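This structure is a prediction, so every number in the text was calculated from the model and none was measured.
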Number of protein chains: 2
Amino acid sequence: MNKQSLRDMKREATAHALADAAFELALERGLDGFVVDDIVQRAGYSRRTFANHYSCKEEAVAAAAVSYKNVHEAEDLIAGIPENLPPVDILYQLMKMQLSAEILWILRELVSLSKRYPTLEPYILNVLRSSQIAAQELLSDLSRGRYPEGYTHLLAGAVYGAVLPLLDGSINVLLPGQSAEESPGAMTFDQYLDMMFGYLRKGF
Amino acid sequence: MNKQSLRDMKREATAHALADAAFELALERGLDGFVVDDIVQRAGYSRRTFANHYSCKEEAVAAAAVSYKNVHEAEDLIAGIPENLPPVDILYQLMKMQLSAEILWILRELVSLSKRYPTLEPYILNVLRSSQIAAQELLSDLSRGRYPEGYTHLLAGAVYGAVLPLLDGSINVLLPGQSAEESPGAMTFDQYLDMMFGYLRKGF
DNA sequence: TTATATCATTGCACAATGGGCAAAAATTCA
DNA sequence: TGAATTTTTGCCCATTGTGCAATGATATAA
């Protein structure tokens, strides 16, 4: 599953450097405050190389949400999952692990940017969708054949559907890394997640 | 909820004409077989007007999935929904109504295109996401305060998560408008939907 | 090691695109 | 009717996307 060759690692490193530079610039100046040349200048690559990795600056900005650390942590988690654990429980663990304070901060910044610059939204959705597909495929792999087709899609869709509104503040929840003053009277992320999984386990 | 003024109807009409032209061209020549000038020439508008409605041709092509007929039919449906019907049942009716043979055909064509031309994918996801949000908001409106925050997001996310894999064939289901020879041995769309809602009602 | 193949990066050139601006045409409202 | 609002359009130009070919770095095989 890992890309291990030096060549692939370098390729991903440049993609990452470009995405980071794009994300920084978007936070500093807004999406219309810089051009692709600014990105490649900051990251130290050519404009042509940028086009080899991303089709536009929106895509590069959204790619900042892809965290390698999380990917590797997820792989460690997967290795430690007991056989025959129900998909609901796997997904529960996966969510608690993947939604770190850091990644939630990046996602919230991206969603905030996408409110000001709507052209960003499709690319953010695409990143989140990729994450949802990865989760669904993990569930499917770990419960091979024990559930009908669609079961894992249903589960993954539900959880991601419930997490997304936390990012734009349409549901008031105290996220990891936020102080209690930021969202007075809000339930915590863990409480919210437990409630959502309660519905999944017991039915609607 | 309706836009009723003549001005708004005309605006949507041009957006629609542009999207239809873009969609036709994409089917005929592939996404790289035409330029924005081809779209506006076919639809009878100026290039500048295109930019007033869409940010790129990918966005226009994906917009072909937005059907006005369905929107109006959905509004009729909403008017006929009994008060206090549980959100699960509302969503079930909504899915059966919105996923007509025509719209499913368009969606399948778009998803098929997005396999060949990955730059299209974020914009298709965006359209589907808009539909998901509309469904969630409908559920939320019709069950004001009777369920905790997140409940309707969870439900809508689950159902859309289960429907999406039908569009790219990763789950083999006989969709409305398809003949039985196309997917031998597959369960029907109605059977699939009933099974998915069974999990939602009874729990995972 | 060396030789060869594969792939990433870069520069160049040019068609295609996005968007500010202002004028013209259409619609709305008083 | 006339004024206000909004859409469409043309003009213009900075920005962008991409095919092609060359160079440099990594991988593979002997």
Side-chain angles (χ1 to χ4, degrees), chain A residues 2-22 25-26 29-63 68 113-114 116-123 126, chain B residues 2-22 25-26 29-63 68 113-114 116-123 126:
Chain A
N2 255 337
K3 296 187 179 182
Q4 286 181 340
S5 76
L6 174 60
R7 185 179 275 169
D8 287 330
M9 287 180 55
K10 283 200 172 185
R11 178 174 172 78
E12 294 199 354
T14 73
H16 229 273
L18 289 167
D20 281 349
L25 284 165
R29 312 183 192 172
L31 196 62
D32 50 4
F34 64 101
V35 293
V36 173
D37 280 333
D38 297 322
I39 302 174
V40 299
Q41 184 180 348
R42 181 173 293 212
Y45 292 93
S46 72
R47 200 168 71 84
R48 192 62 187 78
T49 293
F50 178 89
N52 286 340
H53 289 268
Y54 302 109
S55 69
C56 59
K57 62 181 177 183
E58 284 86 354
E59 188 177 9
V61 171
Y68 292 86
L113 277 170
S114 76
R116 282 191 288 161
Y117 308 99
T119 56
L120 195 53
E121 203 169 354
Y123 295 94
N126 200 32
Chain B
N2 255 337
K3 296 186 176 181
Q4 284 179 338
S5 77
L6 174 61
R7 186 177 272 167
D8 286 330
M9 286 180 55
K10 284 201 172 186
R11 178 174 173 78
E12 295 200 353
T14 73
H16 230 274
L18 289 168
D20 280 350
L25 284 164
R29 311 183 193 173
L31 196 62
D32 51 3
F34 65 100
V35 293
V36 173
D37 280 332
D38 296 323
I39 301 174
V40 300
Q41 183 180 349
R42 180 173 294 213
Y45 292 93
S46 71
R47 200 166 71 85
R48 191 63 186 77
T49 293
F50 178 89
N52 286 339
H53 289 269
Y54 302 108
S55 68
C56 59
K57 62 180 177 182
E58 284 86 354
E59 188 177 6
V61 170
Y68 290 86
L113 277 170
S114 75
R116 281 192 288 162
Y117 307 101
T119 58
L120 195 54
E121 202 168 357
Y123 295 94
N126 200 33

Heavy atoms from C-beta onward define the side chain here; which of [options] lies closest to that of [X]?
| X | options | value |
| --- | --- | --- |
| B/Leu6 | D/dC12, C/dT28, D/dT9 | C/dT28 |
| A/Ser5 | D/dT18, D/dT16, D/dA27 | D/dA27 |
| B/Ser46 | D/dT9, C/dT10, D/dT18 | D/dT9 |
| A/Thr49 | D/dT18, C/dT17, C/dT9 | C/dT9 |
| A/Arg47 | D/dT8, D/dT26, D/dT18 | D/dT18 |

In whole Å, I'd like the distance from the [atom1] atom of [X] to the [atom2] atom of [N].
| X | N | atom1 | atom2 | result |
| --- | --- | --- | --- | --- |
| B/Asn52 | D/dT9 | CG | P | 9 Å |
| B/Glu59 | C/dG19 | CD | C1' | 14 Å |
| A/Met9 | C/dC7 | CE | C1' | 17 Å |
| B/Gln41 | D/dT9 | CD | C1' | 16 Å |
| B/Asp8 | D/dT8 | CG | P | 11 Å |
| A/Glu58 | D/dG17 | CD | P | 8 Å |
| B/Tyr54 | D/dT8 | OH | P | 11 Å |
| B/Phe34 | C/dA15 | CZ | C1' | 16 Å |

Measure the shortest side-chain to side-chain distance between A/Asp32 and A/Tyr117 over non-hydrogen atoms and say whether it is less than 4.5 angstrom. yes
State the [atom1]-[atom2] distance between [X] and [Y], to the nearest 0.5 angstrom.
| X | Y | atom1 | atom2 | value |
| --- | --- | --- | --- | --- |
| A/Leu25 | A/Asp20 | CG | CG | 11.0 Å |
| A/Tyr54 | B/Thr119 | OH | OG1 | 16.0 Å |
| B/Tyr45 | B/Ile39 | OH | CD1 | 14.0 Å |
| B/Glu58 | A/Cys56 | CD | SG | 8.5 Å |

Classify the side chain of A/Arg48 and the base of D/dG17 as holding, or not holding, a donor-acceptor pair under 3.5 Å. no
Counting only side-chain nitrogens and oxygens, does A/Thr14 get under 4.0 Å of the OP1 or OP2 atom of C/dT9? yes
On DNA chain D, nearest-nucleotide positions of B/His53 versus B/Arg7: which is more 5'? B/Arg7
